Amino acid sequence: MHAFDVLGDPVRRRILELLAEGELSSGEVTAVIRQEFGISQPGVSQHLRVLRDNGFASVRAEGARRLYAVDAAPLQEVDIWLERFRRFWEQHLDALSTELARGRRASRTEKESHPRSEGS
């Protein structure tokens, strides 16, 4: 399955977002996904299996629990594909960064020219 086929499903993307925060048990993932998407435990297990079988998640046993974590290797394929499009947003992000810096500078200048009086 191609990376975009795996990531095309909003449930699998959400599971990866959860796992990006750190290792979670299948029960913890299921609880969130059931609440947000109304999917049964077997349905969540199927999504976890797709992520695992396609290399996006790893699983390890800890007693009776199964702990899932992100495996970033397949995400590199997505990153490589996105590389050709970065120029479209990097310029906008650079411009935003410049404007934010100007705003911070203006705020500091304003505070320095109008210091608060004692007791206020």
Side-chain angles (χ1 to χ4, degrees):
M1 189 178 275
H2 190 275
F4 288 107
D5 295 327
V6 174
L7 297 175
D9 187 282
V11 173
R12 290 193 287 266
R13 286 194 310 268
R14 181 63 177 127
I15 291 171
L16 283 175
E17 289 171 358
L18 293 170
L19 297 179
E21 299 296 319
E23 192 175 59
L24 293 173
S25 71
S26 57
E28 292 168 316
V29 172
T30 297
V32 173
I33 297 302
R34 286 185 75 173
Q35 179 183 15
E36 293 180 7
F37 292 91
I39 296 174
S40 67
Q41 184 276 328
V44 176
S45 291
Q46 184 63 30
H47 285 291
L48 285 167
R49 183 179 0 268
V50 169
L51 290 169
R52 188 182 67 238
D53 290 350
N54 288 281
F56 285 86
S58 60
V59 64
R60 70 177 180 88
E62 185 178 87
R65 296 176 3 142
R66 298 290 173 259
L67 298 173
Y68 286 83
V70 169
D71 186 340
L75 294 171
Q76 292 174 353
E77 178 184 346
V78 175
D79 188 51
I80 290 167
W81 186 84
L82 284 171
E83 183 61 37
R84 72 184 85 181
F85 300 101
R86 281 197 173 83
R87 65 184 169 92
F88 293 111
W89 67 77
E90 284 179 342
Q91 292 170 355
H92 296 292
L93 292 175
D94 289 344
L96 175 61
S97 179
T98 299
E99 289 304 314
L100 291 172
R102 284 182 184 155
R104 285 191 296 271
R105 207 169 26 250
S107 178
R108 278 194 309 268
T109 302
E110 178 69 23
K111 287 179 183 176
E112 290 168 0
S113 64
H114 299 293
R116 296 178 79 192
S117 62
E118 301 259 339
S120 35

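These values consider heavy atoms only, across backbone and side chains, with no hydrogens, waters or symmetry-generated copies. Model, not experiment: these values are computed from the prediction. Nothing fancy with the numbering, it's 1 onward along the sequence.
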With sequence neighbours left out, which residue pairs that include part of residues 63-82 fulfil the ring pair (Phe, Tyr, Trp, His ring centres under 6.0 Å) condition?
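Only F4-W81, W81-F85 qualify under ring pair (Phe, Tyr, Trp, His ring centres under 6.0 Å).
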Could you list the residues that satisfy side chain to side chain donor-acceptor pair (under 3.5 Å) with [X], not counting sequence neighbours?
X: R102; value: E99
X: R13; value: none
X: D9; value: none
X: S58; value: none

Of all residues at least two apart in sequence or in a different chain, which pass the side chain to side chain contact (heavy atoms under 4.5 Å, CB included) check with [X]?
X: S40; answer: P42
X: E17; answer: R14
X: I39; answer: V11, I33, F37, V44, H47
X: S25; answer: E28, R65, L67

I'd like to know if the side chain of R66 and the backbone of S26 have a donor-acceptor N/O pair within less than 3.5 Å.
no
Look at the side chain of N54 and the backbone N and O of F56, then say whether any donor-acceptor pair between them is shorter than 3.5 Å.
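A pair under 3.5 Å: no.
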Distance check, rounded to the nearest 0.5 Å: L19 atom CG versus D71 atom CG?
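So the gap between those two atoms works out to 11.0 Å.
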How long is the straight-line distance from CG of L75 back to CG of L7, given to the nearest 0.5 Å?
6.5 Å
Using every non-hydrogen atom in the two residues, find where R12 and V6 come nearest and quote the distance to one decimal.
NE-O, 2.9 Å
Testing the basics here: between P74 and A3, what is the closest heavy-atom pair and its distance to 0.1 Å?
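Shortest heavy-atom separation between P74 and A3 comes out as O-CB, 4.3 Å.
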Are L82 and L16 connected in the hydrophobic side-chain network, where two residues link if heavy atoms are under 4.5 Å apart?
yes
Would you mind listing every salt bridge (charged side-chain N to carboxylate O under 4.0 Å, His left out) that reaches into residues 39-53, with sequence neighbours excluded?
none
